[in-house]
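In what follows, a single structure is set out as structure tokens and then discussed.
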2 protein chains.
Amino acid sequence: MKPFAVTSEPNGHFCDDCAVRGAAVCSSLDAAELREFEHLGRRVHFGSGETVFSEEDITTSFYNVLEGVMRLYKLLPDGRRQIVGFALPGDFLGMNLSGRHNFSADAIGAVNVCQFPKGPFGRFIEGRPQLLRRINELAIRELSQARDHMVLLGRRSADEKVATFLLGWRERLVSLMGLSDMVALPMSRQDIADYLGLTIETVSRTFTKLERLGVIEIIHGGITLLDPARVEAMAAA
Amino acid sequence: MKPFAVTSEPNGHFCDDCAVRGAAVCSSLDAAELREFEHLGRRVHFGSGETVFSEEDITTSFYNVLEGVMRLYKLLPDGRRQIVGFALPGDFLGMNLSGRHNFSADAIGAVNVCQFPKGPFGRFIEGRPQLLRRINELAIRELSQARDHMVLLGRRSADEKVATFLLGWRERLVSLMGLSDMVALPMSRQDIADYLGLTIETVSRTFTKLERLGVIEIIHGGITLLDPARVEAMAAA
DNA sequence: AGCCGAATTTGATCTGAGTCAATCGGCTGC
DNA sequence: GCAGCCGATTGACTCAGATCAAATTCGGCT
């Protein structure tokens, strides 16, 4: 055993082989900065269903998703839920103005995040405009996605919603894991319903309908796209 | 003279007496910077219904709204429209990643904007992180509003949508023009419908219903809130 | 003032998606 | 192996909001 070995790594040295290194906020940092940066964050694990943070909680940290999927949602006082997005590896969470989170986030399946305390992270950003610019880019990208989702929620039929969701989700998985007609759906039907502004029954019926039409196959934990072109036609309609 | 025109103070050529000076991106600049900044932009006027920019247009400029109201919207190929927001004085438009606008914007009534060519503006930002930070703040604020609007579109009833809209719109007018129970509605019923994911008929019926309940009075160019508490109760439900 | 076209309101009816209510199927633990 | 559970599916029925169709009101113009 080495003289100064420790049982658990003190946060760092992980960035080098971090899977999201190129895609996440970190992509704006050079090698020297990264060395400093990695001491700020620590890896944290969340089990399936665990809540990473809740709406209205005081923001204490920023999060960089490393592995797994999270649901981001808002609740109405009577319990109705709207999922405002799913977070995947590379996504950056915790930006806000009020000092409080404006949505809740919990793990769908096992999740690893890189957690940065707000204070040190804020100080690190000072004098590193390229990191700020990167964060701004991510915010603008999310804003664009949010607007697309508003169109879906306000103006699309149930069939269009489901077809659009399948294609959009596949797109995200493709950019993470490469092209495949298998589309893993780690979230529940209820999650999909709450994302699309539908009920679980309508989502289920629409899946069944797509399967009967022969354009998808429902498999355990996801679907297979048998006829992507037909799904695109349904989404565009 | 229109009784409910949404305008800010008359605006000269110089930032010094610009009505949105304190609220807009410019609020992050000191006097010397402002002097340089004002040479970058030019005031441009748009008449009622004119399009300031269209979705998919190459971005050539950023815009700072000085006076008036704009509708920001996306169209589906078959003509369905979703209004993703209304822009008021102080709002900053034109941020994007792709080099193209991701929504269209047109004037509702007369509009004045401060237009900044993309190139010079981008160069001005370089080395002024506080301006970048200000822009980032605006983006994050919009993102938060976008998420709230997703909840409205996906999970609220028609009554709740209309009540929430009236309160939210009033809030924005209050912060521009001070408190009043008169709520100017410069946009058409169709605009409101396309913002709320409803039809014009449903919006009209809901207004009438609120009036019959005695909680609002429909007046020309807007409404009067007779019983704000009841409207809040309808919105929260 | 009087006419025209557009926006809004109102009414009648329809329908897509929600609600309510059984199953079904796959896993887990005994 | 099977009892119990939880998520998903399916079916029957309902209803909020859409659609279709007139009025009605308003603003602009001569």
Quick one: A:Ile200 CD1 to D:dT9 C1', roughly how many Å, whole number? 9 Å
Rounded to the nearest Å, what distance is computed from the CZ atom of residue B:Arg205 to the P atom of nucleotide D:dT19? 12 Å
Quick note, B:Ser157 side chain, CB onward, closest among C:dA17, C:dT8, D:dG17 is D:dG17
B:Glu201 CD to D:dG17 P, straight-line distance once rounded to whole Å: 14 Å
Taking OP1 and OP2 of D:dG27, is either one under 4.0 Å from a side-chain nitrogen or oxygen of B:His220? yes
When all nucleic acid strands are considered with a 4.0 Å heavy-atom cut-off, which category describes B:Thr199: base, sugar-phosphate, or nothing? base
Atom-to-atom span, CZ of B:Arg155 to P of C:dG18 - whole angstrom: 7 Å
OP1 or OP2 of C:dT9 under 4.0 Å from side-chain N/O of B:Thr208: no
Can you find a heavy atom in the side chain of B:Pro117 that is under 4.5 Å from one in the side chain of B:Arg42? no
Within the structure shown, what part of the strands sits under 4.0 Å from B:Ser204 by heavy-atom distance: base, sugar-phosphate, or nothing? base
Please say which of A:Phe53, A:Phe46, A:Phe92 ends up in a ring-ring contact (aromatic ring centres under 6.0 Å, His included) with A:Tyr63. A:Phe53
What's the CD1-P distance between A:Ile108 and D:dG7, to the nearest Å? 13 Å
Decide if atom CD of B:Glu171 counts as having more than 12 heavy atoms of other residues, nucleotides or ligands within a radius under 6.0 Å. no
Quick one: B:Arg189 CZ to D:dG27 P, roughly how many Å, whole number? 12 Å
Considering only side-chain heavy atoms of A:Ile218, which listed nucleotide, D:dT9, D:dA18, C:dA17, is closest? D:dT9
Provide, to the nearest angstrom, the distance between the CG atom belonging to A:Asp191 and the P atom belonging to D:dA8. 8 Å
Check this one for me: any side-chain N or O of A:Thr202 less than 4.0 Å away from OP1 or OP2 of C:dA17? no
Using heavy-atom distances to pick each residue's nearest nucleotide on DNA chain D, tell me which of B:Gly197 and A:Gln190 is more 5'. A:Gln190
Is NZ or CZ of B:Arg81 both nearer than 6.0 Å to the six-membered ring centre of B:Tyr73 and within 45° of the ring axis? yes
If I take atom CZ in residue B:Phe207 and atom C1' in nucleotide C:dT9, what distance separates them, rounded to the nearest angstrom? 13 Å
Would you list the atom pairs, donor with acceptor, under 3.5 Å between side chains in residues 210-217 of chain A and any protein atom, with sequence neighbours excluded?
| unit_1 | atom_1 | unit_2 | atom_2 | d |
| --- | --- | --- | --- | --- |
| A:Glu211 | OE2 | A:Ile218 | N | 2.9 |

